[in-house]
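Count residues from 1 along the sequence.
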Amino acid sequence: MQRVLVVEDDLVIADAVARRLEKEGFAVDVVHDGRAAVETFRDETDLLVLDVMLPGLDGLEVCRRVQAVRPVPVLMLTARADEADRIIGLGVGADDYLTKPFSPRELVARVRALLRRVERAQELALRRAGLDLGRGLTVDVAARRVDLAGQEIHLTRTEFDLLHALGRRAGEVVLRETLLTEVWSWPEAPKTSRAMDTHVKALRRKLGPGRIRTVHGVGYALDTP
């Protein structure tokens with residue numbers, strides 16, 4: 001669940017925004033002044049909905065301080081449509097603007113668009129960097145090439161996609177439902193689908209023992225040193 005920090009001193013607007021985001025499946029933290037925003041911002045925060053005019057620290061200063069800690073997408077709310085305000089906000093790290101009054105549907109659409117932009121950037125960085133999964137196992141995502149101890153391993157398309165899905169979360173248990181959705185596009189498939197087990201078994205043979213761990217009734221994990 002992605003977490004949004006809403007920073008808005010108008011209690012009615014803050015409550016309406018929080019309720020709509022929660023209805024759309026987001027976890028939401030709400031604060032009403034700039035200093036509380038800086039103190040509440042944490043590693044789990046995925047996005048800020050940030051009013052420009054705030055007591056204590058204004059939205060521009062909050063944005064500046066938060067971005068200095070960790071880059072995070074910021075959707076700024078303003079009662080003014082002045083171009084100079086937007087330019088200053090973009091200069092301190094805001095990603096998008098909404099002018100009050102605004103449609104809750106548009107706010108949700110912009111939040112989702114900003115989060116998708118971050119996900120695409122992370123995916124691109126991952127493709128450029130590739131994966132080093134330890135003990136000589138590397139994955140070149142862009143070239144769809146897997147090497148083990150300096151030798152290329154030939155994987156089928158599905159085996160590669162399965163290894164990539166597990167490798168991006170190396171050390172974590174990946175749910176069967178997640179793998180069915182990402183690799184096979186079967187979000188509605190039964191958890192007991194045997195197709196996945198067959199591909200996991202084939203991938204194990206090619207990678208060698210001790211890499212892919214089964215968590216019965218839950219999913220699989222790619223163990224790394």
Chemist: Considering non-hydrogen atoms only, spot the tightest contact between G59 and L50 and give its length.
Modeler: O-CD2, 3.3 Å
Chemist: Quick one: CG on L162 to CZ on R157, what's the gap to the nearest 0.5 Å?
Modeler: 11.0 Å
Chemist: What is the minimum heavy-atom distance between V62 and A37, and which atoms define it?
Modeler: CG1-CB, 3.9 Å
Chemist: Less than 4.0 angstrom from a charged side-chain N to a carboxylate O is my criterion; do D161 and R144 meet it?
Modeler: yes
Chemist: Would you compute the distance between atom OG1 of T181 and atom CZ of R176 and round it to the nearest 0.5 angstrom?
Modeler: 12.0 Å
Chemist: For R110, is there an ion pair with E106 - N to carboxylate O distance below 4.0 angstrom?
Modeler: yes
Chemist: Which of these, R19, R105, R112, sits in a side-chain hydrogen bond (donor to acceptor under 3.5 Å, both in side chains) with E24?
Modeler: R112
Chemist: Any chance you could measure I153, atom CD1, to L137, atom CG, to the nearest 0.5 Å?
Modeler: 6.0 Å
Chemist: R3 and side-chain hydrogen bond (donor to acceptor under 3.5 Å, both in side chains): which single residue from T45, D43, D29 fits?
Modeler: D29
Chemist: With a 4.0 Å cut-off, would you call R168 and E182 a salt bridge?
Modeler: yes
Chemist: Between M53 and D58, is any pair of side-chain heavy atoms under 4.5 Å apart?
Modeler: no
Chemist: Is there a side-chain contact between E159 and K206 (heavy atoms, below 4.5 Å)?
Modeler: yes
Chemist: Any side-chain heavy-atom pair from L47 and Q2 closer than 4.5 angstrom?
Modeler: no
Chemist: Is any side-chain heavy atom of L5 closer than 4.5 Å to one of D46?
Modeler: no
Chemist: Is it the case that the side chain of R70 and the backbone of R42 share a donor-acceptor pair, with hydrogens and angles ignored and the cut-off at 3.5 Å?
Modeler: yes
Chemist: Going from NE2 on H199 to OG1 on T158, what distance comes out if it is rounded to the nearest 0.5 angstrom?
Modeler: 4.5 Å
Chemist: Any non-hydrogen side-chain atom of L21 less than 4.5 Å from a side-chain atom of V6?
Modeler: yes
Chemist: Among the clusters formed by ILVMFWY side chains lying less than 4.5 Å apart, do I13 and L48 turn up in the same one?
Modeler: no
Chemist: Same cluster for V174 and V141 if Ile/Leu/Val/Met/Phe/Trp/Tyr side chains link at under 4.5 Å?
Modeler: yes
Chemist: Could you check whether any side-chain N or O of R204 sits under 3.5 Å from a backbone N or O of P209, counting only pairs where one atom can act as donor and the other as acceptor?
Modeler: no
Chemist: Give the minimum heavy-atom separation between L133 and A170, together with the two atoms involved.
Modeler: CD2-CB, 4.2 Å
Chemist: Inspect the surroundings of CD in Q151 and state if more than 12 heavy atoms from other residues, nucleotides or ligands are less than 6.0 Å away.
Modeler: no
Chemist: Might you point out which heavy atoms bring Y220 and L166 nearest each other, and give the distance in Å?
Modeler: O-CD2, 3.8 Å
Chemist: For residues L115 and F26, determine if any side-chain heavy atom of one lies less than 4.5 Å from a side-chain heavy atom of the other.
Modeler: yes
Chemist: Which pair of non-hydrogen atoms, one from A14 and one from H32, has the smallest distance, and what is that distance?
Modeler: CB-CE1, 3.9 Å
Chemist: Start with the C-alpha gap between L180 and M196, add the side-chain angles, then the distance that decides, and say whether side chain to side chain contact (heavy atoms under 4.5 Å, CB included) holds.
Modeler: CA-CA 8 Å; L180 286 168; M196 180 187 304; 3.5 Å; yes
Chemist: Kindly indicate, with the supporting measurements, whether the criterion side chain to side chain contact (heavy atoms under 4.5 Å, CB included) is fulfilled by L54 and D33.
Modeler: CA-CA 6 Å; L54 292 168; D33 66 80; 5.6 Å; no
Chemist: Does R117 reach the side chain of D95, with side-chain heavy atoms less than 4.5 Å apart?
Modeler: yes
Chemist: When you check the gap from the basic side-chain N to the acidic O, do R64 and E61 get nearer than 4.0 Å?
Modeler: yes
Chemist: Which value, rounded to the nearest 0.5 Å, describes the distance between D223 atom CG and R211 atom CZ?
Modeler: 10.0 Å
Chemist: Answer yes or no: is there a side-chain heavy-atom contact under 4.5 Å between R65 and L57?
Modeler: yes
Chemist: Quick check: closest heavy atoms across L77 and D51, and the distance to 0.1 Å?
Modeler: O-OD1, 2.9 Å
Chemist: Once you round to the nearest 0.5 Å, how far does CG of L222 lie from CG of L203?
Modeler: 8.0 Å
Chemist: Is it the case that one hydrophobic cluster holds both V31 and V66, taking links as side-chain heavy atoms less than 4.5 Å apart, direct or via other members?
Modeler: yes
Chemist: Please answer whether the main-chain N or O of G150 pairs with a side-chain N or O of D147 as donor and acceptor at a distance below 3.5 Å.
Modeler: no
Chemist: Are L148 and L163 joined in one hydrophobic group, where the rule is that I, L, V, M, F, W and Y side chains link up if heavy atoms are under 4.5 Å apart?
Modeler: yes
Chemist: Are the charged groups of E8 and K100 less than 4.0 angstrom apart, N to O?
Modeler: yes
Chemist: Hydrophobic clustering (ILVMFWY, side-chain heavy atoms < 4.5 Å, transitive) - are L179 and F160 grouped together?
Modeler: yes
